[in-house]
Amino acid sequence: MTELPSLAPPADFFARDAVSVARELIGFQLLVDGVGGIIVETEAYTPDDPASHSFSGKTARNAAMFGDPGTAYVYRSYGIHWCLNVVCEPGSAVLLRALEPTSGIEHMQVRRGMEKLRLLAAGPGRLCQALAVDISLNGRSLQGAPFQLRLPARPHPVACGPRIGISRAVEQPWRFGLAGSRFISKPFPLGQHE
DNA sequence: CCTACGATCCCCT
DNA sequence: GGGGATCGTAGGC
């Protein structure tokens with residue numbers, strides 16, 4: 001058996017609704033300057049979604065959410081952490097919530113100040129610290145340097161459930177995860193599977 | 001294992 | 001002036 005080459009997603013991959021993209025991004029490999037891993041947790045935020053930063057229209061902070069599909073939207077969370085999104089159709093985005101570390105693990109361990117693989121990138125703030133993502137990458141395309149995206153190597157089961165840490169539209173099951181992964185930020189409610 | 005809470009910044013009301 | 005798309009630590013069970 002020969003390994004097939006790992007392919008980047010098609011150019012129009014992100015030009016769709018965020019819920020579909022969030023589900024399909026599970027299993028992709030994401031690297032920033034060669035450091036990263038397998039995407040194991042995402043959340044979708046849609047244009048008419050009261051929980052989305054884009055809900056009240058375009059502002060200085062969320063301007064990147066109205067950029068081209070594939071654009072990075074980076075924002076500061078709770079005054080301390082950075083969070084990384086990929087823009088889909090205008091005013092929508094997918095929050096990248098957790099990675100299973102695969103590449104440049106030593107770099108991530110230094111940046112995070114810990115050895116444990118399980119918590120290196122399990123959470124949107126931890127993911128950005130591990131990959132050195134900050135506001136300087138806001139507005140850049142994830143389909144070019146320093147980012148690298150590769151399609152999943154094989155099929156995999158995807159879990160879904162309510163989104164984390166929001167107070168509005170809490171009932172939408174728009175959080176997705178690699179079923180059974182120990183690298184997600186929080187367990188999924190049992191039985192939510194696709 | 002779990003829950004509680006403070007840190008700390010910026011955008012928006 | 002309020003409130004986060006969070007995280008680490010402390011303390012209880």
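So you know, we letter chains A, B, ... as the sequences are listed, proteins then strands, and number each from 1. Owing to the predicted nature of the structure, the values given are computational and were not obtained by experimental measurement.
The side chain of R61(A) lies closest to dC11(B), out of dT8(B), dC11(B), dA5(C). Ranking dT6(C), dA5(C), dG8(C) by closeness to the R112(A) side chain, first place goes to dG8(C). Among the nucleotides dA5(C), dT8(B), dT6(C), the one closest to any side-chain atom of I164(A) is dT6(C). Nearest to the side chain of R76(A), among dC9(B), dA5(C), dG4(C), sits dC9(B). Nearest nucleotide to the R97(A) side chain, out of dG4(C), dA5(C), dT8(B): dA5(C). Side-chain proximity of T59(A) to dA5(C), dG4(C), dC12(B): nearest is dC12(B).
Pairing partner, dG1(C): dC12(B), with both Watson-Crick or wobble hydrogen-bond distances short of 3.5 Å. Base pairing of dA4(B) is made with dT9(C), judged by Watson-Crick or G-U wobble geometry with both donor-acceptor distances under 3.5 Å.
Residue R163(A) is out of contact with every strand shown, counting any heavy-atom pair closer than 4.0 Å. Within the nucleic acid shown, N85(A) comes within 4.0 Å of at least one base atom, counting heavy atoms only. Within 4.0 Å (heavy atoms only), L95(A) reaches at least one base atom of the nucleic acid.
Salt bridge absent: R23(A) and D17(A) never bring a charged side-chain N and a carboxylate O closer than 4.0 Å.
Within the cation-pi definition used here (under 6.0 Å to the ring centroid, within 45° of the axis), R16(A) qualifies as a partner of F13(A). Annotation: cation-pi geometry not satisfied between R163(A) and F176(A) (NZ/CZ under 6.0 angstrom from ring centroid, within 45° of ring axis).
The separation between K186(A) atom NZ and dC2(B) atom P is 11 Å, rounded to whole Å. Spacing between atom CH2 of W82(A) and atom C1' of dC11(B) amounts to 13 Å, rounded to whole angstrom units. Counting to the nearest Å, the C1' atom of dA5(C) and the CG atom of L127(A) are 13 Å from each other.
Checking the phosphate oxygens (OP1, OP2) of dG4(C), a side-chain nitrogen or oxygen of S167(A) falls inside 4.0 Å.
In this structure, Y78(A) forms no aromatic stack with the base of dA7(B), since the conditions of centre separation below 5.5 Å and plane angle below 30° are not both met.
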Quiz item: Yes or no on side-chain hydrogen bond (donor to acceptor under 3.5 Å, both in side chains) for R97(A) and T42(A), after CA distance, side-chain angles and deciding distance?
Solution: CA-CA 5 Å; R97(A) 288 193 55 92; T42(A) 61; over 6 Å; no
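The distance between the ring centers of H53(A) and Y75(A) falls below 6.0 angstrom.
If you check distances only, the side chain of Y75(A) does reach the base of dA5(C) with a donor-acceptor pair under 3.5 Å.
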